[in-house]
Protein chains: 2
Amino acid sequence: MALRHAVLAALLEEELSGYQLAKAFDLGVANFWHALPQQLYAELARLEADGLVSGREVVQDTRPNKRLFTVTDAGLAELERFATSADKPSFIRDDLLVKVQAADHLDAGELIARLEERAEVADAKIELFGGLLRRMRGDRSEEEFLRDGDRIGPYLTCRRGLAFEEGNRDWCRWSAAILRERRAAHAER
Amino acid sequence: MALRHAVLAALLEEELSGYQLAKAFDLGVANFWHALPQQLYAELARLEADGLVSGREVVQDTRPNKRLFTVTDAGLAELERFATSADKPSFIRDDLLVKVQAADHLDAGELIARLEERAEVADAKIELFGGLLRRMRGDRSEEEFLRDGDRIGPYLTCRRGLAFEEGNRDWCRWSAAILRERRAAHAER
DNA sequence: ATACCCATGTAAGACGTTACATGATTTG
DNA sequence: CAAATCATGTAACGTCTTACATGGGTAT
C-alpha cells in the first residue's frame with residue numbers, strides 16, 4: 001500500500017492534476033516510483049474519499065477542465081505514520097537480468113543487442129536526471145544546495161535515480177563487452 | 001509473464017525442487033528476480049502442464065519426498081523466444097525512496113534511521129554477493145574467469161546485484177549524512 | 001489530414017501477497 | 001524442548017496491467 005504514499009509525497013511538492021501526476025509517474029521520468037495513469041486516477045479518488053487529499057476544479061477555456069489535488073492535514077499525518085514504519089526491502093524484477101542469467105544457453109548476439117538497447121535507455125535517463133538536478137540546484141553548487149537548499153527530498157531521490165541508471169549503463173556495456181570477447185574467442189577456435 | 005522465464009533460467013543451471021527454487025528467489029538471495037514460494041509452486045505446475053519443464057520424484061528416507069525439475073527442449077525454445085523480445089524498461093518501486101521524496105515535510109531523525117537500516121541490509125547483501133562471486137570464480141582471477149569460465153550468466157547478474165547494493169549503501173549513507181548536517185545547522189540557529 | 005497533447009475515467013484479467021494447512025526431522 | 005528446516009500446496013485478497021472509451025485543441 002505504498003502507491004498512496006507515493007502520490008501524497010508527489011503532491012507535497014505542488015498541487016497537481018491526475019494527468020500531471022501520471023506524467024510524473026511515467027516510465028520515462030519516474031525517479032522514485034512508477035505507476036500508470038489508471039492507477040493514479042483510481043488512487044486519487046480513494047485518497048479523496050479518505051480525506052487525505054482534497055481536489056479543486058479548475059475551469060479552462062481552451063482545454064478540458066481539470067482537478068488539482070492538495071495533501072490535507074490528515075494526509076500529511078498518514079505520511080508521517082508511514083515514515084516511521086519499517087520498509088520492506090526492495091527487490092529486482094527485470095526482464096533483462098533474466099535473459100543474462102540464461103546467457104550460457106542463449107544466442108550471444110541477441111543478448112548483446114538487448115544490453116546495448118538498455119544502455120541507451122540508461123543514457124537518456126542519465127541526461128534527463130542530470131538536467132533535473134541542475135534545475136533544482138539553480139546557480140548554486142551542489143555542496144551549497146545540499147547545505148541550504150529547500151526541497152532536498154526530490155533532489156536526493158533524483159540522485160539515487162541517476163546513480164541507478166549509471167549503474168545500469170556501466171553494467172550493460174561491461175557485460176556486452178565480455179559477451180563479445182567470449183564470442184570472438186569461441187569463433188577463433 | 002516473466003516469472004516463467006525466470007524459473008526456466010534458474011532451472012538451466014541445475015535441477016531444483018520447488019523448495020530449492022523458493023530459496024533462490026527469496027528476498028535475501030534473489031539477484032536476478034524475486035518471487036514467493038507459493039508463486040513458484042504454482043508456476044512449476046503451469047510450466048509442467050505446458051511441457052516446458054519436466055519433474056521427477058525423488059524418494060527420500062529421512063526427509064519428505066521432493067520433485068526435481070528440468071527444462072525441456074520446448075522450455076529452452078521458449079526462453080530463446082523470450083530473449084529475442086524487447087524487454088520492458090524496469091522501474092523503481094521502493095518505500096524508502098517515497099519517504100526520502102517527502103523528506104522536507106517529515107522528521108529527519110526517522111528518515112536517518114530508515115536510511116541506516118537500509119544501508120546495513122545492503123552491507124549484508126554485498127557480503128553475500130561477494131561470497132557468491134568468489135565461489136563462482138574459484139581460484140581464477142576475475143579476468144580469467146570472464147574470459148574462459150563457464151556459467152557466465154549467473155556471474156554477470158550477480159555482479160549487477162552487487163553493484164546495485166553498493167549503490168544503495170553509498171546513497172543511503174550519503175543521504176543520511178546530508179540530513180544530519182542540515183538538522184545540526186537548523187538546531188544551531 | 002494525421003498525429004499527438006490535454007483530461008478523465010471503466011472494466012476485465014493477470015499477477016503478486018498474505019494467511020492458512022500439514023507433518024516429520026534436525027539443530028541449538 | 002523450542003525453533004528452524006525440509007517439502008508442498010490451497011484460498012482469499014490486493015495490486016498492476018491491458019484494453020477500451022470519449023472528445024476538443026494544437027502542431028507538422
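Protein chains get the first letters and strands the later ones, always in sequence-line order, with residue 1 at the start of each. Atoms considered below: every heavy atom in the structure, side chains included; atoms not considered: hydrogens, waters and symmetry mates.
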Between [N] ([atom2]) and [X] ([atom1]): distance, integer Å:
X	N	atom1	atom2	value
Leu47(A)	dT15(D)	CG	P	12 Å
Lys66(B)	dT25(C)	NZ	P	16 Å
Trp33(B)	dC15(C)	CH2	P	10 Å
Phe25(A)	dC16(D)	CZ	P	11 Å
Leu40(A)	dT17(D)	CG	C1'	13 Å
Arg4(A)	dT15(D)	CZ	P	9 Å
Lys23(B)	dT8(D)	NZ	P	11 Å
Leu16(A)	dA7(C)	CG	C1'	14 Å

Measure from the side-chain heavy atoms of [X] and tell me the nearest of [options].
X	options	answer
Leu36(B)	dA7(C), dT18(C), dT5(D)	dT18(C)
Thr62(A)	dT8(D), dG25(D), dT8(C)	dG25(D)
Met1(A)	dA7(D), dT15(D), dA7(C)	dT15(D)
Arg63(B)	dT17(D), dT17(C), dT25(C)	dT25(C)
Tyr41(A)	dT15(D), dT17(D), dG9(C)	dG9(C)
Gln39(B)	dC15(C), dA7(D), dT17(C)	dT17(C)
Gln38(A)	dT5(D), dT18(D), dC5(C)	dT18(D)
Pro64(B)	dG16(C), dG25(D), dG23(C)	dG23(C)

List the atom of Leu52(B), the atom of Leu8(B), and the distance in Å for their closest heavy-atom pair.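 Heavy-atom minimum between the residues: O-CD2, 3.8 Å.
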Nearest atoms (heavy-atom pairs only) where Ala6(B) meets Trp33(B):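 Looks like CB-CG, 3.7 Å.
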Arg93(B) near the nucleic acid: base, sugar-phosphate alone, or nothing, with a heavy-atom cut-off under 4.0 Å?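 Sugar-phosphate only.
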So, does Lys88(B) get its side chain near the phosphate of dT18(D), meaning an N or O under 4.0 Å from OP1 or OP2?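 So the side-chain polar atoms of Lys88(B) do come within 4.0 Å of the phosphate oxygens OP1 or OP2 of dT18(D), strictly under.
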Respond yes when some side-chain nitrogen or oxygen of Tyr19(B) is under 4.0 Å from OP1 or OP2 of dT8(D), and no when none is.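 No, Tyr19(B) has no side-chain N/O under 4.0 Å of OP1/OP2 on dT8(D).
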Backbone of [Y] reached by a side-chain donor or acceptor of [X] within 3.5 Å:
X	Y	answer
Arg151(B)	Asp104(A)	no
Arg140(A)	Arg137(A)	yes
Arg114(A)	Ala83(B)	yes

